[in-house]
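These notes concern the structure reproduced below.
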Amino acid sequence: MHPPTRLPADFYQNDDVVAVARDLLGNYLVTCFDGQVTSGRIVETEAYRAPEDKACHAYGNRRTKRTEVMFSAGGVAYIYLCYGIHHLFNVVTGPEGSAHAVLIRAVEPADNIPLMLERRKMQNLKPQLTAGPGVMSMALGIRTDWTGHDMTAPDSLIWIEDRNGSPNEHGIASGPRIGVGYAGECADWPWRFWIPGSPWVSKG
DNA sequence: CACGGGATCGTCT
DNA sequence: GACGATCCCGTGT
């Protein structure tokens, strides 16, 4: 056993974003803002893959101010505002020049649950603390300001680490992604992954 | 539990 | 000017 460390750049730079989305399950998403660590075990993810995926913001390798960060080498954060309110957190994957990303949709709360409850203005620990991409980001203190942050740097303030919490014999479940009905045939691709039976997975 | 609507703003047409 | 990779609250059953 060794102390947990940040997942390395080559984990993220795998070109197979669907495999990365699966492999992220069971790892811990950690933030350390203002000296305060908060974290959770990743239980639900979705893969988005340019250029062929119509649900991906970089569909057709479209480069805009917003999507430019998705073309970075894997390991940086891609965070955007959804419905004017929610800060949705993704990890860019693949080699530089490809625009793939994994949306982290839900975590099982781990470190510093009191601070996460405070950020969410909640009194008691319930799945709704972190089950869903918008509320998860709020609990971890993640905002769009952090888009482009290199999570593989040794002094990064957002990172993902392996604590030997990988999914066990119950395996991994998959199905269509949430909220992408506009994406034509791509809407049916089973690119959402979750740990079956976990109460911390979003309801969709 | 199923639904329906409002919140709220950056991004792209 | 329209529309979200969402969430929460209200209503009705």
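Numbers restart at 1 for each chain; the letters A, B, ... are given by sequence-line order, proteins then strands.
Using a 4.0 Å cut-off between charged side-chain N and carboxylate O, A:Glu46 and A:Arg177 make no salt bridge.
When the side chains of ILVMFWY residues are joined at heavy-atom separations under 4.5 Å, either directly or via intervening members, A:Val107 and A:Leu129 end up in a single hydrophobic cluster.
Atom pair A:Arg63:CZ and B:dC12:P shows a separation of 14 Å (rounding to whole Å applied). Atom-to-atom, CE of A:Met138 to P of B:dT8 comes out at 12 Å; the value is rounded to the nearest Å. Atom CZ in A:Arg62 sits roughly 12 Å away from atom P in B:dT11 (whole-Å rounding).
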Original post:
Could you write out DNA chain B as a dot-bracket string, with dots for unpaired bases, | for bases paired across to another strand, and Watson-Crick or G-U pairs counted at under 3.5 Å?
Top reply: |||||||.||||.

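If you check every strand for non-hydrogen atoms under 4.0 Å, A:Arg192 touches nothing.
Listed by first and then second residue, the side chain to side chain donor-acceptor pair (under 3.5 Å) pairs involving residues 118-140 of chain A are A:Thr38-A:Arg119 (not counting sequence neighbours). Listed by first then second residue, pairs satisfying salt bridge (charged side-chain N to carboxylate O under 4.0 Å, His left out) with a partner in residues 2-26 of chain A read A:Asp15-A:Arg49, not counting sequence neighbours.
For the pair A:Arg105 and A:Phe89, the NZ or CZ position fails the cation-pi test of under 6.0 Å to the six-membered ring centre and within 45 degrees of the ring normal.
Here A:Tyr83 is tied to no hydrophobic group at all, with no ILVMFWY side chain closer than 4.5 Å.
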Measure all distances between protein nitrogen or oxygen atoms and nitrogen or oxygen atoms of nucleotides 4-12 of chain C, and list the pairs falling under 3.5 Å.
unit_1: C:dA5; atom_1: OP1; unit_2: A:His57; atom_2: NE2; d: 3.2
unit_1: C:dA5; atom_1: OP2; unit_2: A:Tyr182; atom_2: OH; d: 2.8
unit_1: C:dA5; atom_1: N9; unit_2: A:Tyr80; atom_2: OH; d: 3.3
unit_1: C:dA5; atom_1: N7; unit_2: A:Ala55; atom_2: O; d: 3.4
unit_1: C:dA5; atom_1: N7; unit_2: A:His57; atom_2: NE2; d: 3.1
unit_1: C:dA5; atom_1: N1; unit_2: A:Asn90; atom_2: OD1; d: 2.5
unit_1: C:dT6; atom_1: O2; unit_2: A:His86; atom_2: NE2; d: 2.6
unit_1: C:dC7; atom_1: OP1; unit_2: A:Gly132; atom_2: O; d: 3.4
unit_1: C:dC7; atom_1: OP1; unit_2: A:Pro133; atom_2: N; d: 3.2
unit_1: C:dC7; atom_1: OP1; unit_2: A:Gly134; atom_2: N; d: 2.9
unit_1: C:dC7; atom_1: OP1; unit_2: A:Val135; atom_2: N; d: 3.3
unit_1: C:dC7; atom_1: O4'; unit_2: A:His86; atom_2: NE2; d: 3.1
unit_1: C:dC8; atom_1: OP1; unit_2: A:Arg120; atom_2: NH1; d: 3.3
unit_1: C:dC8; atom_1: OP1; unit_2: A:Arg120; atom_2: NH2; d: 2.9

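Counted by atom type alone, A:Tyr80 and A:His87 present zero donor-acceptor pairs between their side chains at under 3.5 Å.
Qualifying side-chain hydrogen bond (donor to acceptor under 3.5 Å, both in side chains) partners for A:Asp155, counting only residues two or more places apart in sequence or in other chains: none.
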